[in-house]
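Remarks on the structure that follows.
Below, chain A is the first sequence line, B the second, and so on; all start at residue 1. The shown structure was predicted, so the numbers you read here are calculated from the model rather than taken from an experiment. The analysis underlying the following values was restricted to heavy atoms, covering all of them including side chains, and did not include hydrogens, waters or symmetry mates.
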Amino acid sequence: MTLALFPPEPLPAEILDDGALLLRGFATAQAGQWIAEVQALQAASPFRIMQVPGGKSMSVAVTSCGDWGWISDAGGYRYSAVDPLTRQPWPAMPAFLAGQARAAAHAAGYAGFAPDACLVNRYRPGARMGLHRDQDEADFAAPIVSVSLGLGCTFLWGGLRRQDPVRRLALAHGDVVVWGGPTRLAYHGVGPLRDGLHPLLGSERWNLTFRMAKARYPAEQP
DNA sequence: AAGTTACG
DNA sequence: TTGA
């Protein structure tokens, strides 16, 4: 039996890069609530496979919540206030999700993060995400907050140029990656999901990425 | 090209 | 596994 540590240790954080932090286990303790929120929102706006501009399909199924949802089709990548599948607004971003994302950003040094978009990615075995950068947002001063649930993955972390070397990092259930500042436009991706069974999500990995799609950062204080 | 394919 |  180990004695309780006092004072409690902060959660381990790893510096990925200038402005990029990996908060190990940030979402683990409340994973049940994270998962319940995603289950509720995907009941309103279901996961779906989107096309990329070349006409091919992504291997990852996506949905969104918040004022803006990220979409891809023959016309390109953009944010839309309406879910093209339901023709309704995306589900509102649950206060719990927005609050946790804000807290993660704050823990990584980005105070005042107020996401107006949350893209939810569902990976099944074999699904992957090629190297890309999140560049459809209006204000690159705001960071990206990325939350991993369920099966672990290999996260690919590159640099500002596509030809920069790519690091491979193992991400586990509950890990949160926050990047911004000098590495806001870094290339990143996810290796093919390996088979496995997670106690809460079975053979799936869910990834939530919180962004400020249209809003200015830092958010205005009333 | 958030895509696939070819190749060392 | 990496570059094109």
Side-chain angles (χ1 to χ4, degrees), chain A residues 16-17 19-20 22 38 41-42 45-85 90 93 97 101 115-140 142-171 175-180 183-196 204-214:
Chain A
L16 289 191
D17 232 331
L22 167 45
V38 172
L41 81 88
Q42 70 86 34
S45 273
F47 287 110
R48 86 294 305 266
I49 302 285
M50 287 185 175
Q51 310 296 123
V52 291
K56 296 177 177 171
S57 294
M58 297 175 68
S59 57
V60 175
V62 304
T63 186
S64 286
C65 65
D67 292 341
W68 300 95
W70 183 88
I71 65 172
S72 174
D73 58 24
Y77 307 142
R78 62 200 178 276
Y79 284 95
S80 171
V82 170
D83 178 348
L85 184 65
W90 300 96
M93 190 182 304
L97 296 185
D116 58 5
C118 173
L119 171 62
V120 186
N121 299 127
R122 185 194 65 195
Y123 293 76
R124 285 175 172 166
R128 69 186 79 189
M129 185 77 74
L131 218 54
H132 69 283
R133 44 187 184 181
D134 297 9
Q135 53 181 355
D136 304 313
E137 298 75 30
D139 185 358
F140 296 139
I144 300 288
V145 174
S146 173
V147 181
S148 291
L149 298 169
L151 285 183
C153 74
T154 299
F155 185 59
L156 309 172
W157 180 251
L160 296 178
R161 301 167 305 172
R162 194 178 267 280
Q163 64 267 30
D164 287 337
V166 176
R167 267 191 285 167
R168 300 164 57 88
L169 295 131
L171 293 186
D175 288 352
V176 175
V177 183
V178 181
W179 65 95
T183 47
R184 170 62 177 75
L185 292 175
Y187 281 90
H188 59 281
V190 175
L193 198 74
R194 295 173 293 272
D195 275 306
E204 296 185 348
R205 170 177 184 259
W206 292 355
N207 167 249
L208 294 82
T209 55
F210 296 87
R211 302 99 182 271
M212 293 178 72
K214 305 287 184 182

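Aromatic ring pairs are classed by plane angle as parallel below 30°, tilted from 30° to 60° and perpendicular above 60°; the pair A/Trp157 and A/Trp179 is perpendicular.
A/Asp136 comes within contact range of at least one nucleobase, with a heavy-atom separation under 4.0 Å. Base contact: A/Gly54 has a heavy atom under 4.0 Å from a base atom. As judged by a 4.0 angstrom heavy-atom cut-off over every strand, A/Arg161 is placed among residues making no nucleic acid contact.
The distance between atom OH of A/Tyr77 and atom P of B/dA1, rounded to the nearest whole Å, is 7 Å. Here the C1' atom of nucleotide B/dA2 and the NE2 atom of A/His188 are 8 Å apart, to the nearest Å. Atom CD of A/Glu137 is separated from atom P of B/dA2 by 13 Å (rounded to the nearest Å).
Comparing B/dT4 with B/dG8, their P atoms are spaced 22 Å from each other, to the whole Å.
Nucleotide B/dA2 has no partner under the Watson-Crick or G-U criteria, as no pair reaches both atom distances under 3.5 Å. Taking a pair to require two hydrogen-bonding distances under 3.5 Å in either a Watson-Crick or a G-U wobble arrangement, C/dT1 remains unpaired.
No donor-acceptor pair under 3.5 Å is formed between the side chain of A/Arg205 and the backbone N or O of A/Ser148.
For A/Arg128, the CZ atom counts as loosely surrounded, since its 6.0 Å shell holds 12 or fewer non-hydrogen atoms of other residues, nucleotides or ligands.
Side-chain proximity of A/Arg168 to C/dT1, B/dA2, B/dT4: nearest is C/dT1.
Phosphate proximity of B/dA1 to A/Arg128: absent, as no side-chain N or O sits under 4.0 Å from OP1 or OP2.
Ion pairing between A/Lys214 and A/Asp67 fails under the 4.0 Å rule for side-chain N and carboxylate O.
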